[in-house]
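Only a predicted model underlies this, so the values are computations on that prediction, with no experimental measurement involved.
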2 protein chains.
Amino acid sequence: MPRSPAPTSADIRKVAQEAGVSIATVSRVLNNPQRVSAATRERVLEAAARLGYRPNPLGQRLRKGRAETVGVVIPAPQGRFADSFFLELLAGLGEGLSGAGLDLLVTTSPPGPQELASYQRLVEGKRVDGLVLARTRQRDERILYLLEHKVPFVVHGRSDLIHEPFPYLDIDGERGFRQAAQHLIALGHRAVAFIGAPHELNFAQHRLAGYRRALEEAGLPLRREWVLEGDLSEESGYRLTLALLDLPRPPTAILCANDLMALGALRALRERGLKAGQEVSVIGYDDIPQAHYTDPPLSTLHQPFREMGRRLVEMLLARLAGTPAEELQEIWVPELILRGSDGPPQS
Amino acid sequence: MPRSPAPTSADIRKVAQEAGVSIATVSRVLNNPQRVSAATRERVLEAAARLGYRPNPLGQRLRKGRAETVGVVIPAPQGRFADSFFLELLAGLGEGLSGAGLDLLVTTSPPGPQELASYQRLVEGKRVDGLVLARTRQRDERILYLLEHKVPFVVHGRSDLIHEPFPYLDIDGERGFRQAAQHLIALGHRAVAFIGAPHELNFAQHRLAGYRRALEEAGLPLRREWVLEGDLSEESGYRLTLALLDLPRPPTAILCANDLMALGALRALRERGLKAGQEVSVIGYDDIPQAHYTDPPLSTLHQPFREMGRRLVEMLLARLAGTPAEELQEIWVPELILRGSDGPPQS
DNA sequence: GCACGAGATGTAAACGTTTTCCATTACCCT
DNA sequence: AGGGTAATGGAAAACGTTTACATCTCGTGC
């Protein structure tokens with residue numbers, strides 16, 4: 001009676017025995033095939049296949065001194081759901097990593113000081129070889145920590161108050177919002193408001209700067225009461241838009257630092273009986289799937305999160321291979337997508 | 001000049017030397033403290049602290065033959081974002097796991113046959129000790145696969161066509177939708193429609209059954225044209241609601257199998273100039289954060305995803321410790337939250 | 001006074017790899 | 001023929017733990 005292969009129990013020793021070679025040779029066949037003659041290579045591969053051999057990652061990792069794992073800490077706020085853009089990024093990271101045979105270790109943590117503890121656990125506990133960060137702050141303590149501990153990492157976004165070089169991939173938010181504001185101004189708007197992100201977030205500054213620059217270039221004054229700071233939630237977009245509409249001189253166009261807030265803005269307009277894209281224009285940022293389905297469809301700046309995730313993996317692998325940080329800094333150009341929530345001001 | 005402790009390089013041998021004991025004793029102090037005398041225990045702990053020693057998980061894992069890791073595969077569809085409820089579940093899982101010192105390995109995969117490959121990689125590659133599944137189908141191949149390979153796992157949701165026992169935690173969707181439908185009927189609705197989930201999803205059946213049962217119990221006929229199947233996206237809720245409104249006899253109330261579709265329903269109503277909660281009632285399922293902020297606020301059935309994540313970890317740990325699957329099956333009762341999108345039918 | 005058990009510690013083997021040396025063989029060139 | 005070199009494969013030492021087993025030291029009961 002033929003024994004069915006017990007695929008779970010084959011180790012390198014069994015394969016070596018089966019192929020009539022030493023375990024060193026088996027290992028070489030798998031890691032360094034050209035170091036071994038074609039004939040024995042064939043023999044070993046056959047034996048391995050016959051036994052259903054898969055190298056045990058635990059042994060490999062100990063021997064190599066690497067965890068073969070990349071870590072991500074997702075900021076998950078207490079009261080509300082984390083932005084689903086993280087899932088999108090995760091998907092991109094996962095695609096890239098599985099290709100490279102690396103694992104993705106995910107932790108969630110409420111944003112704040114406790115966050116750093118998660119990083120410590122991953123780094124000082126030697127659980128990961130590298131990290132991916134997102135949602136950077138202007139002077140991001142996580143980056144400082146990782147730089148200090150010399151842990152390889154890549155960043156989605158920049159951290160403008162840190163001058164030591166580190167690898168990052170960012171979208172040019174200034175350019176994006178400058179373009180968006182220019183577009184609105186070209187349509188004839190003179191009263192363009194801005195609902196920004198929490199000011200400690202790095203991209204908040206860029207997007208604001210793009211807005212200011214466009215106004216400046218057009219010779220329009222910057223009115224303080226038209227520049228508000230939201231918390232990126234739909235609800236805050238809603239609330240702040242109502243506040244804008246209640247001003248003595250309400251704006252005719254609103255730039256929102258993300259789509260979620262733009263959705264809130266659309267809701268506020270609707271509630272006030274104002275037609276978005278006609279009476280008041282709205283432009284968001286991110287291009288979340290929902291943006292297709294609002295009424296009117298939301299004009300926004302596209303961020304290709306999944307692609308960015310894939311690229312971040314490539315950069316991290318390069319970093320792990322020794323590429324200097326300076327050579328791993330990319331800024332992508334966002335794409336302004338006009339769908340209908342923008343339009344010329346009325347009369 | 002005092003050398004600062006090089007925290008990254010201390011291994012168990014160094015600690016042993018520093019404390020003047022053997023490495024076995026150091027290990028015992030950490031894993032089995034009562035096996036060693038108070039005096040030496042103290043000495044070892046001090047030495048460990050002085051050197052900043054942290055056991056290297058790679059060594060532990062190899063020795064223990066466990067990856068100390070739990071895996072999750074998130075279905076991330078190509079075109080659109082994955083449901084953010086997964087992030088919420090992830091947060092709950094993470095909280096539970098970090099308490100237990102386990103890592104969370106996350107993979108994403110488009111739903112479908114390729115999904116199983118991800119599971120194989122995790123399981124046959126010995127990368128995880130256990131798994132968490134979610135978004136189950138009626139006869140879920142992933143569960144069959146894991147049962148066959150005798151891998152410990154727990155499930156968020158059930159899989160009704162699988163009769164072998166396995167550990168799960170589910171919300172009683174039938175009861176939830178029965179209650180929701182009863183509520184609408186009690187308000188006076190006689191034309192209650194149902195926008196369901198893809199029928200292969202296990203919970204789709206339960207929610208539908210609850211709806212049918214409530215109608216039956218009230219002696220109301222089940223009209224086929226009022227029972228539709230969506231894909232859980234906002235857009236499909238929108239589209240199907242329009243279809244319902246175009247019927248010769250449109251419903252006065254709509255039950256949606258998730259909140260995202262309910263949001264779409266609200267949008268469709270608004271577009272048709274119908275007041276939700278007055279002219280047409282809508283009830284969703286999940287209680288996503290957005291449900292607070294719709295107009296009117298969305299009535300829905302609450303699912304405590306984060307808590308469920310935490311509980312799932314406890315169950316998985318129990319499972320890993322040998323608790324039989326039969327003792328790890330829980331069904332929680334959902335809570336109907338009335339916010340305003342439901343109301344009596346007009347006239 | 002002595003065997004005995006309990007308690008505390010040390011020794012060494014294991015976990016499954018990769019990789020550094022060596023040893024052997026074969027080959028080529030002079 | 002002899003010596004250098006390349007190709008090939010094996011032996012053994014890591015990697016950092018945990019743990020079975022052996023050893024040693026006491027106190028204790030006889």
Side-chain angles (χ1 to χ4, degrees), chain A residues 6-45 47-48 51-69 101-103 124-129, chain B residues 6-45 47-48 51-69 101-103 124-129:
Chain A
T8 190
S9 61
D11 67 354
I12 199 176
R13 239 165 293 271
K14 291 238 179 61
V15 178
Q17 194 179 351
E18 175 90 5
V21 297
S22 76
I23 62 169
T25 301
V26 177
S27 176
R28 274 193 283 257
V29 168
L30 268 41
N31 299 301
N32 224 353
Q34 76 285 5
R35 256 297 262 110
V36 62
S37 77
T40 54
R41 192 194 315 155
E42 206 49 45
R43 206 142 39 88
V44 169
L45 286 176
L51 298 176
Y53 171 69
R54 308 246 227 157
N56 184 327
L58 271 33
Q60 297 181 305
R61 288 171 188 182
L62 174 59
R63 171 59 223 225
K64 297 198 184 159
R66 288 187 254 123
E68 312 257 298
T69 299
L102 295 181
D103 287 342
E124 292 170 28
K126 293 196 180 50
R127 300 176 126 75
V128 299
D129 306 318
Chain B
T8 189
S9 61
D11 68 353
I12 198 175
R13 238 164 294 270
K14 291 238 180 60
V15 177
Q17 194 179 351
E18 175 89 4
V21 297
S22 76
I23 64 169
T25 301
V26 176
S27 177
R28 272 192 286 259
V29 168
L30 266 42
N31 299 302
N32 226 351
Q34 75 286 2
R35 276 275 283 107
V36 62
S37 78
T40 54
R41 191 192 316 153
E42 206 50 42
R43 209 144 36 91
V44 168
L45 286 176
L51 298 176
Y53 171 67
R54 308 247 228 156
N56 184 327
L58 270 32
Q60 296 181 307
R61 288 171 187 182
L62 174 59
R63 171 59 224 228
K64 296 197 184 161
R66 288 186 254 123
E68 313 256 277
T69 299
L102 296 181
D103 287 342
E124 293 170 28
K126 294 198 179 52
R127 300 177 126 72
V128 299
D129 306 318

Considering residues at least two apart in sequence or located in another chain, which fulfil the side chain to side chain donor-acceptor pair (under 3.5 Å) criterion with [X]?
X      : answer
A:R13  : none
A:T69  : none
A:E18  : A:R50
A:E124 : A:Y145, B:R54

Among [options], the one nearest [X] by side-chain distance:
X     : options               : answer
B:P55 : C:dT9, C:dT19, D:dT17 : D:dT17
B:S27 : D:dT19, D:dA13, C:dT9 : D:dT19
A:T40 : D:dT17, C:dT18, D:dG9 : D:dG9

TODO: Give me the bend of the helix from C:dG1-D:dC30 to C:dT30-D:dA1, using the axes of the five pairs at each end, rounded to 10°.
DONE: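 Comparing the axis at each end, I get an angle of 60°.
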
Open item on the list: Walk along nucleotides 20-28 of chain D from 5' to 3' and tag each nucleotide B, S or - by protein heavy-atom contact under 4.0 Å, base first, then sugar-phosphate.
Closed with: B--------

- [ ] Could you please spell out the steps behind the side chain to side chain contact (heavy atoms under 4.5 Å, CB included) verdict for B:V36 and B:T25?
- [x] CA-CA 7 Å; B:V36 62; B:T25 301; 3.9 Å; yes

Touch check for [X], heavy atoms < 4.0 angstrom, all strands: base, sugar-phosphate only, or nothing?
X     : answer
B:N32 : nothing
A:R13 : base
B:L62 : base

- [ ] Please determine if a side-chain N or O atom of B:N56 lies less than 4.0 Å away from the OP1 or OP2 oxygen of D:dT17.
- [x]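 So the side-chain polar atoms of B:N56 never come under 4.0 Å of the phosphate oxygens OP1 or OP2 of D:dT17.
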
Open item on the list: To check you understand the geometry: which heavy-atom pair defines the closest contact between A:A67 and A:D129, and what is its length?
Closed with: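 Looking at all heavy atoms of both residues, the shortest contact is N-OD1, 2.8 Å.
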
Task: First of B:T25 and A:R43 reached from the 5' end of DNA chain D, by closest nucleotide - done: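 Per heavy-atom nearest nucleotide, the more 5' residue is A:R43.
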
